Amino acid sequence: MVSEPSRRALDGRRLPTAVKIVIAGGFGVGKTTMVGTVSETQPLRTEELLTDQSVGVDDVSGVERKATTTVAMDFGRITMRDEYVLYLFGTPGQERFWFMWDEVAYGALGAVVLADTRRLKDCFPSVDYFERRGTPFVVAVNCFEGARQYDLEEIEMALNLGPDVPVMLCDARKLDSCKRVLINLVLHAMKVRGVGEPAALTAEAHQA
Ligand SMILES: Nc1nc2c(ncn2[C@@H]2O[C@H](COP(=O)(O)OP(=O)(O)OP(=O)(O)O)[C@@H](O)[C@H]2O)c(=O)[nH]1
Ligand SMILES: [Mg+2]
């Protein structure tokens, strides 16, 4: 949520508004990568090695070189136009760690659901989760090399999303691309929650 205390002025300067954002999606879709790409501080990670025990449980097709997985959460921070500080919380993707989601998502303004078109159904649990919680979200399709390209309309239809859920393409390894996703999410979430449109971010959205 938008934190009221953070709006207070300090020495005549306005403090940036603090906003909590969740980065969710299926196993290996690029959540940790996205948090790491945008974070202006050293991101906090809780990565553990994928072991032989995960063979047959975790589907690494498409990300065969993946050696680690998030077991609790990712955490990072990005400031936008000195007006907003986004605190980013990445969820663990593996089903056995989904019990963490309530903790990670508590108090979030909105969520990014990352999707991979090669394993689109893996993002359904995240979509269902945020729909059930009433948390505004956008779907960002992380475009892996070699994955077939789809039109956004095709993806929207496949996900059976409500008409107002923004869907966009992104590259979780690129700062500008991740920033564009985050700005669109904040604008969408503020609109859904009736918080008014932040001029600074709208201007940034036009540039991104
Ligand atoms: N080609 C390509 N590779 C990517 C991209 N994003 C992430 N990767 C790679 O894909 C793998 C998965 O990335 P992670 O960021 O660990 O995925 P995750 O969603 O955090 O995974 P879990 O926490 O295990 O669910 C890593 O090997 C990344 O280097 C991308 O946009 N393009
Ligand atoms: Mg991760």
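Every number for a ligand or one of its atoms is a count from 1 in the order of the listing. Predicted model only: the values in this text are computed from it and were never measured.
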(Q) For atom 30 (C) of ligand 1, is there a protein heavy atom at a distance under 4.0 Å? (A)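 Yes, at least one protein heavy atom sits under 4.0 Å from atom 30 (C) of ligand 1.
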Q. Between Phe144 and ligand 1, does any nitrogen or oxygen pair lie at a separation below 3.5 Å?
A.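 Checking ligand 1 against Phe144, no N or O pair falls under 3.5 Å apart.
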Q) When only distance counts, is Cys143 in polar contact with ligand 1, meaning an N/O pair under 3.5 Å? A)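 Between Cys143 and ligand 1 (N or O atoms, distance only) the closest approach is not under 3.5 Å.
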Report, in ascending order of atom number, the atoms of ligand 1 lying under 4.0 Å from any heavy atom of [X].
X: Ala172; answer: 6 (N), 31 (O)
X: Asn142; answer: 5 (C), 6 (N), 30 (C), 31 (O)
X: Phe27; answer: 24 (O), 25 (O)
X: Lys66; answer: 12 (C), 14 (P), 16 (O), 17 (O), 21 (O), 22 (P), 24 (O)

Q | Minimum non-hydrogen distance to atom 24 (O) of ligand 1, winning option of Thr69, Val71, Thr91, Asp122 | A |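 It is Thr69 that holds the nearest heavy atom.
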Q.
Minimum distance, heavy atoms only, to atom 20 (O) of ligand 1: which one of Thr32, Thr33, Thr70 is it?
A.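 Selected option, by shortest heavy-atom distance: Thr32.
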Are any side-chain N or O atoms of [X] and backbone N or O atoms of [Y], one a donor and one an acceptor, separated by less than 3.5 Å?
X: Ser39; Y: Gly76; value: no
X: Lys20; Y: Val104; value: yes
X: Thr70; Y: Pro92; value: no

Q. What residue and heavy atom of the protein are closest to atom 19 (O) of ligand 1, and at what distance?
A.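 Answer for atom 19 (O) of ligand 1: Lys31 NZ, 2.7 Å.
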(Q) Among all protein heavy atoms in this structure, tell me which lies nearest to atom 1 (N) of ligand 1, with the distance rounded to 0.1 Å. (A)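 Going atom by atom, the protein heavy atom closest to atom 1 (N) of ligand 1 ends up being Glu145 OE1, 2.7 Å.
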Q: Would you check if the Mg ion (ligand 2) lies under 2.8 Å from any N, O or S atom of Thr33?
A: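 No, Thr33 does not qualify, because none of its backbone or side-chain N, O or S atoms lies under 2.8 Å.
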Q. Is Thr69 close enough that one of its N/O/S atoms sits under 2.8 Å from the Mg ion (ligand 2)?
A.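 It does not: Thr69 brings no N, O or S atom closer than 2.8 Å to the Mg ion (ligand 2).
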Q: Side-chain contact test, heavy atoms from C-beta onward, threshold under 4.5 Å: evaluate it for Met73 versus Arg45 and give yes or no.
A: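 Result no, sub-4.5 Å side-chain heavy-atom pair not found.
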(Q) Looking at every heavy atom in both Cys170 and Met34, which two are closest together, and how far apart are they? (A)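 Cys170 and Met34 have their closest heavy atoms at SG-CE, 4.1 Å.
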Q) Hey, is Glu145 close enough to Arg173 for a salt bridge, meaning N to O under 4.0 Å? A)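 A salt bridge is present here (some side-chain N lies under 4.0 Å from a carboxylate O).
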Q | Lys/Arg-Asp/Glu bridge criterion (N-O < 4.0 Å) met for Asp116, Arg119 | A |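 Judged by the 4.0 Å cut-off on N to carboxylate O distance, Asp116 and Arg119 do form a salt bridge.
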(Q) For the NZ atom on Lys66, are there more than 12 heavy atoms of other groups (residues, nucleotides or ligands in this structure) within a distance under 6.0 Å? (A)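 Atom NZ in Lys66 is crowded, with more than 12 foreign heavy atoms closer than 6.0 Å.
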